[in-house]
Amino acid sequence: MTDRPSLFSGSPSELIGRQVAGYRIEEEIGHGGMALVYRALDLRLDRTVALKLLAPELARNVTFRLRFTRESRVAAALDHPHIVPVFEAGETDGVLYIAMRYVPGSDLRHLLDREGPLPPGTALRIATQVASALDAAHEHGLVHRDVKPGNVLVARGTDSDHPEHVYLTDFGLTKKSLSLTGFTTVGQFVGTLDYVAPEQISGRPVDGRCDVYALACVVHELLTGHPPFRRDDDMALLWAHQYDEPPTLTAARPDLPPAADAVFSRALAKVPDERQESCLAFVTELRDAIRSAPSPVVHPPTQVDVAAVPPRQDGAEAPPRWAEPVFRRRAY
Ligand SMILES: Nc1ncnc2c1ncn2[C@@H]1O[C@H](COP(=O)(O)OP(=O)(O)O)[C@@H](O)[C@H]1O
Ligand SMILES: [Mg+2]
């Protein structure tokens, strides 16, 4: 640390227009548990980047400094189309920073808040991309451990077959496979507990299957608008992850086939051995389950086997299963 006045003398917005290392800060674009993220201009290359700065109140905490430094190393080591490329990392005036590709668009948290549950096709496309990034990390012996909507960035895709391109980000909590984890480290869980696997809570060794669990919680939210467990306080939520049976997907989405329930039941198993062995295996099973439902696109209306679409409990006519209905945002 230097004795010079900190870059952070006031609110984060006071950094707008200032220069940090070779970057001119232009706009605050996000903040999570430990960092502030700005859109900035790389003055050397004249290109826009995302500049992530370790939050000033955490900059003196050794745990957070190590975590932040590790994040840049991990992300830089993983060269993958669905992981944000890191350009540079360093420290200037006591401020730790990471410069990475700027992803114009939104993160999944904002997308869900804005749009509510997504059509199955969209949810599956997004899930596939996140799963491929996670499996790539697992192949490197790394477990992300913080899979949640806020850590998935959504940009415009290349064409109508690929309408969105998503990036997994925030490797701040990433650990080597089989390391022991839990609530023992200061500020280990600074964000939401909605997606945390039972073995992560109880401090047992974690491997890629803890990310399978978290991904399943995220995909449940993509499809229903809420994660599987909703409780009034953190302790009850932690208990639910460890001991409670998750509700079925079809309880919230009766238009989806019951086969999808079995896929989630495995992915959300309390014991990692009972889960799918990879994130892509989970998404593939889910896609197969959803596709196995009768499709009005495949069967023209005159040939639809009406008996294959069970009547809804409330007596209302069931929507066609592949109609990709637009759901209203659901508060929870
Ligand atoms: N490369 C990027 N491009 C655009 N926005 C980003 C980028 N990285 C992060 N963000 C935004 O900043 C938010 C926080 O970033 P994140 O890496 O998750 O930090 P934290 O460790 O504080 O959670 C993200 O949810 C996203 O909205
Ligand atoms: Mg984050």
Side-chain angles (χ1 to χ4, degrees), residues 8 12-13 15-16 20 23 25-42 45 47-59 61 63-76 78-89 95-115 126 129-130 133-134 137 143-157 164-175 185-196 211 214-215 217-218 221-222 227:
F8 292 107
S13 60
L15 282 183
I16 309 294
V20 173
Y23 305 92
I25 295 185
E26 294 184 330
E27 187 196 2
E28 189 185 340
I29 51 176
H31 58 264
M34 70 175 198
L36 300 159
V37 184
Y38 296 91
R39 180 168 53 77
L41 184 69
D42 178 343
L45 295 173
R47 68 172 167 184
T48 298
V49 301
L51 191 69
K52 185 168 177 172
L53 308 181
L54 181 60
E57 63 274 20
L58 305 177
N61 179 311
T63 307
F64 282 103
R65 289 178 69 85
L66 281 175
R67 193 186 287 177
F68 194 84
T69 316
R70 189 179 54 227
E71 171 175 358
S72 52
R73 296 227 172 108
V74 168
L78 295 171
D79 183 10
H80 188 275
H82 297 293
I83 293 176
V84 182
V86 168
F87 297 143
E88 192 206 357
V95 175
L96 288 167
Y97 66 90
I98 303 173
M100 57 187 145
R101 176 183 294 167
Y102 172 66
V103 178
S106 176
D107 62 49
L108 261 190
R109 177 74 274 140
H110 286 108
L111 189 77
L112 277 165
D113 290 346
R114 210 177 54 225
E115 312 258 322
I126 291 174
Q129 299 178 45
V130 179
L134 285 167
V143 191
H144 187 281
R145 300 198 314 146
D146 197 17
V147 180
K148 60 184 182 185
N151 287 339
V152 176
L153 309 179
V154 187
R156 193 189 295 263
E164 59 287 297
H165 188 104
V166 311
Y167 295 89
L168 175 67
T169 184
D170 197 352
F171 289 81
L173 288 182
T174 300
K175 278 261 167 88
T185 315
V186 186
Q188 184 101 55
F189 291 96
V190 277
T192 168
L193 298 171
D194 284 333
Y195 317 92
V196 59
D211 291 337
L215 177 65
C217 292
V218 171
E221 184 165 354
L222 293 182

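Numbers here are sequence positions counted from 1. When a ligand or atom number is given, it counts from 1 through the structure's own listing order.
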Please confirm whether the backbone N or O of L112 pairs with a side-chain atom of E221, one donor and one acceptor, at under 3.5 Å? no
Sub-4.0 Å atoms of ligand 1 with respect to non-hydrogen atoms of G30: 12 (O), 13 (C)
Taking the side chain as every heavy atom from C-beta outward, state whether E71 and M34 have any atom pair closer than 4.5 Å. yes
Measuring from atom 23 (O) of ligand 1, which candidate in D170, V152, L58 has the nearest non-hydrogen atom? D170
Which of the atoms of ligand 1 are close to M100, meaning less than 4.0 Å from one of its heavy atoms? 1 (N), 8 (N)
Ionic contact status for E28 with R39, cut-off 4.0 Å: no
Interatomic distance, L58 atom CG to F68 atom CZ [nearest 0.5 angstrom]: 10.0 Å
Which of these passes side-chain contact (heavy atoms from CB on, under 4.5 Å) with H144: L215, V74, L168? L168
heavy-atom search around atom 7 (C) of ligand 1 in the protein gives L153 CD1, 3.5 Å
Quick one: are F171 and L78 in side-chain contact, heavy atoms under 4.5 Å? yes
Side chain, backbone, both or neither: A50 near ligand 1, heavy atoms under 4.0 Å: side chain
Closer than 3.5 angstrom, by distance alone: can the side chain of H165 be matched with the main-chain N or O of P81 as a donor-acceptor pair? yes
Please report which non-hydrogen protein atom sits nearest to atom 24 (C) of ligand 1, along with the residue it belongs to and the distance in Å to one decimal place. G150 O, 3.6 Å
I need the nearest protein heavy-atom contact for atom 5 (N) of ligand 1: residue, atom name and distance, please. I29 CD1, 3.5 Å
Under a 4.0 Å N-O cut-off, is there an ion pair linking D170 with K148? no
Search all heavy atoms of T169 against all heavy atoms of V152 and return the closest pair with its distance. CG2-N, 4.5 Å
What is the nearest protein non-hydrogen atom to atom 15 (O) of ligand 1, stated with its residue, atom name and distance? V37 CG2, 3.5 Å
So if I count the atoms of ligand 1 from 1 in the order they appear, which ones are less than 4.0 Å from some heavy atom of K52? 16 (P), 17 (O), 19 (O), 20 (P), 21 (O)
Considering both backbone and side-chain atoms of M34, is one of its nitrogen or oxygen atoms within less than 3.5 Å of a nitrogen or oxygen in ligand 1? yes
Angle subtended at the Mg ion (ligand 2) by D170 OD2 and N151 OD1, to the nearest 10 degrees, is 90°
Distance-only polar pair, side chains of Y102 and R47, donor-acceptor under 3.5 Å: no
Quick one: does N151 get an N or O within less than 3.5 Å of an N or O on ligand 1? yes
A student checking ligand 1 against D107 at a 4.0 Å heavy-atom cut-off should list atoms 24 (C), 25 (O), 26 (C), 27 (O)
Closest approach of any protein heavy atom to atom 4 (C) of ligand 1, naming residue and atom: V103 O, 3.3 Å
Which residue supplies the protein heavy atom nearest to atom 1 (N) of ligand 1, what is that atom called, and how far is it? R101 O, 2.8 Å
